[in-house]
Amino acid sequence: MAWAQSDVASTAAAQPARARPRRRALIWAAAGFGLALAAYVADVATHPIDLTLGWFDLNIYNHAGLLIRRAPDTLYTWHFRPGVQYLYTPFAALGFAAGSLLPWAVLKWLMTVASLAAMMLTVWVTFGQLGWTGRRRAGAVLGVGAVALWTEPVLRSLQVGQIELLLMALIAWDLCQPDDRRWKGIGVGVAAGIKLVPLIFIPYLILAGKVRQAVVALAVFAATALIGFAALPHDSVKWWLTGYFLHAGDFMNISLGSLLNQSLLAMLTRTPAGAGSVTALWLLLAALIGCLGLGSAAVLARTGRTTAGWVTCAVTGVLISPISWDNHWVWIVPVGVLLVDAAAAARGPARAGYVALMAALAAVFLDWPAHWTGRLAFVPHGLVGFDVRKHPMTEIFHLSGAQLIGWNLFVLGGLAVFAGLVAASARVYRREGLAALRLRGLT
């Protein structure tokens, strides 16, 4: 499976200069992105705002910021509404405090625009690391951006005002910097200081032989915690020293089996065995997937497939995190970039295969409307839970048939992507052997 090919090979595979076709491709891509963006604006303008842009999460961030400025000691006891609390680090709350200085009408639209820009930045830097340049790169970014905008994770992030797109862009920008950049790793450290899941990139950097970058990331992460203790000592003690961060996923007291939780643990919880305890099984599988994912990511990175390496790490992190809301799957965007890159370098049946994989990825993650006519026509809904039937939480342990697929769609799609990346890593390992990896210091 060549969709994790060498970044250098990717560059060389698509070098023939065809200025006129590329100019036409750029025009078509720009038109496609403009149409996708116009359709999104029209969707927001023609439906009740709470169905397309309610900014629920951003509202929590903003209120947390206001609390920091007025009553900081109540940050982790305050409820936005019954069962809904602030769940991020004290360091993140300091940033939200700065944001709360803006009028709400400005902040909410600024967040939407910044999130869209962050998605496009992620696509831009990813293609750049893969060796795409000039019009070819611009056209590819616009084309992928047009599709990515209408994926469910991206639209959900925009709808609730989640910071996931901003964190993804920060991490992708950081990991796409040249290895000789002194402060490479700072983005990973800051992202982990806001939300703990990006910590998985630190062992990845170590295994990939980027120890200096891992040290930078770890040092910056520690600095964010120290800043939190200096500015918000009471809240930092609550978060770090009482184990509060271990329970930060207890959002709205929703069961782990909630439809919106698309993690491996959630999928196990939604099985008949989930009526009891699946913690031990999840820990075993999470450890297995974590080790396999990090090992595969390291092999890819060590053999010149840097982009595929960090994308594999990201997918691994989303799978093994106990809480992975649907919007956390925005990492499917750089996965799409890898597939486009592989398709561009392939020929004949191989290219057709990659196009089929892209179509399958789009089918799973696009935000398909639930209604095609009527008042709610074309309101994004997605395929997750396409056969929900308003199940009470007590019935999630008795799903069957299409329900099992629908309730776990992103997990299954993520596992398929994970399997493809691991297979690509295994192929590289077999082809290049231990000798090549020893030269790069992996064994």
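Between F365 and L383 the shortest side-chain heavy-atom distance does not fall below 4.5 Å. Contact check for I163 versus M111: side-chain heavy atoms found under the 4.5 Å cut-off. Contact annotation: the side chain of V84 approaches that of R81 to within less than 4.5 Å [non-hydrogen atoms, C-beta and beyond]. Between L205 and L175 there is a side-chain heavy-atom pair separated by less than 4.5 Å. Residues R212 and V215 form no side-chain contact, since every pair of their non-hydrogen atoms from C-beta on lies 4.5 Å or further apart. Inter-residue side-chain proximity for I332 and V364 is flagged as unmet; no heavy-atom pair is nearer than 4.5 Å. Taking the side chain as every heavy atom from C-beta outward, F410 and M267 never approach each other to under 4.5 Å. Contact check for W331 versus V417: no side-chain heavy atoms found under the 4.5 Å cut-off.
Rounding to the nearest 0.5 angstrom, the gap separating the SG atom in C313 from the CG atom in L207 is 9.5 Å. Atom CD1 of I171 and atom SG of C176 lie 11.5 Å apart (nearest 0.5 Å). Taking CG of L53 as the reference point, atom CD1 of I49 lies at 4.5 Å (rounded to 0.5 Å). If you take CG on N327 and CD on Q162, they are separated by 4.5 Å, rounding to the nearest 0.5 Å. Expressed to the nearest 0.5 Å, how far CD1 of I227 lies from CG of L94 amounts to 8.0 Å. Between the OG1 atom of T122 and the CG atom of L170 there is a distance of 9.5 Å, given to the nearest 0.5 Å.
Under the 3.5 Å distance criterion, the side-chain polar atoms of R135 are left unmatched by any main-chain donor or acceptor of R23. A donor-acceptor pair under 3.5 Å is absent between the side-chain atoms of S324 and the main chain of I320, judged by distance alone. Looking only at distances, a side-chain donor or acceptor of D367 sits under 3.5 Å from a matching main-chain atom of H381. Judged by distance alone, with hydrogens and angles left aside, the side-chain atoms of R270 form no donor-acceptor pair with the main-chain N or O of L265 at under 3.5 Å. Using modelled atom types, no side-chain atom of S321 and backbone atom of G317 make a donor-acceptor pair closer than 3.5 Å. Side chain of S263 to main chain of A266: a donor-acceptor pair is present (N/O by atom type, distance under 3.5 Å, no hydrogens or angles). A donor-acceptor pair under 3.5 Å is absent between the side-chain atoms of W329 and the main chain of V315, judged by distance alone. Judged by distance alone, with hydrogens and angles left aside, the side-chain atoms of S100 form no donor-acceptor pair with the main-chain N or O of N62 at under 3.5 Å. At distances below 3.5 Å, at least one donor-acceptor pair connects side-chain atoms of T89 with backbone N or O atoms of G193. Between the side chain of S425 and the backbone N or O of L421 there is no donor-acceptor pair closer than 3.5 Å.
Between W104 and W55, the angle of the ring planes goes over 60°, which puts this pair in the perpendicular group of the 30/60° scheme. Using bins of under 30°, 30° to 60° and over 60° for the plane-to-plane angle, the ring pair W240/F221 lands in the perpendicular bin. Classification of the Y88-F96 ring pair by plane angle, with boundaries at 30° and 60°, yields perpendicular. Between F80 and W78, the angle of the ring planes goes over 60°, which puts this pair in the perpendicular group of the 30/60° scheme.
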Would you please test V330 and M119 for side chain to side chain contact (heavy atoms under 4.5 Å, CB included) and show each step? CA-CA 9 Å; V330 292; M119 180 196 73; over 6 Å; no

Quick one, L155 with T52, criterion side chain to side chain contact (heavy atoms under 4.5 Å, CB included). Give me CA distance, side-chain angles, the key distance, then yes/no. CA-CA 8 Å; L155 284 185; T52 53; over 6 Å; no

Quick one, F418 with I289, criterion side chain to side chain contact (heavy atoms under 4.5 Å, CB included). Give me CA distance, side-chain angles, the key distance, then yes/no. CA-CA 9 Å; F418 177 81; I289 290 176; 3.7 Å; yes

One pair to check against side chain to side chain contact (heavy atoms under 4.5 Å, CB included): T151 and V154. What are the steps and the verdict? CA-CA 6 Å; T151 57; V154 169; 3.3 Å; yes

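Contact record, Y61 with G161: CE1-O, 3.4 Å, taken as the closest heavy-atom pair. Annotation for A169 and L121: closest pair CB-CD2, 4.2 Å, computed over non-hydrogen atoms. Among all heavy-atom pairs drawn from A36 and A146, the shortest one is CB-O, 3.6 Å. Considering every non-hydrogen atom in both A39 and W150, the closest pair reads C-CZ2, 3.7 Å. Scanning all heavy atoms of the two residues, the minimum distance from L339 to L361 falls at CD1-CD2, 4.0 Å. Here the closest heavy-atom approach between residue V216 and residue G185 is recorded as CG1-C, 3.9 Å.
Under the side-chain hydrogen bond (donor to acceptor under 3.5 Å, both in side chains) criterion, no residue pair touches residues 214-237, with sequence neighbours excluded.
Side-chain contact of T307 with Q129: a donor-acceptor pair under 3.5 Å is present, judged by distance alone. Between Q262 and D326, the side chains place no donor N or O within less than 3.5 Å of an acceptor N or O (distance only, hydrogens not considered). In the model, N261 has no side-chain atom that pairs as donor or acceptor with a side-chain atom of W325 under 3.5 Å. For D179 and Q213, the side-chain atoms include at least one donor-acceptor pair closer than 3.5 Å.
The pair K195-E164 meets the salt-bridge criterion, since a charged nitrogen lies less than 4.0 angstrom from a carboxylate oxygen.
A cation-pi arrangement is present between R137 and W124 under the rule of less than 6.0 angstrom and at most 45 degrees off the ring axis.
For R181, the side-chain contact (heavy atoms from CB on, under 4.5 Å) partners are Q177, P178, K184, not counting sequence neighbours.
Between Y204 and W310, the distance separating the two ring centers is not shorter than 6.0 angstrom.
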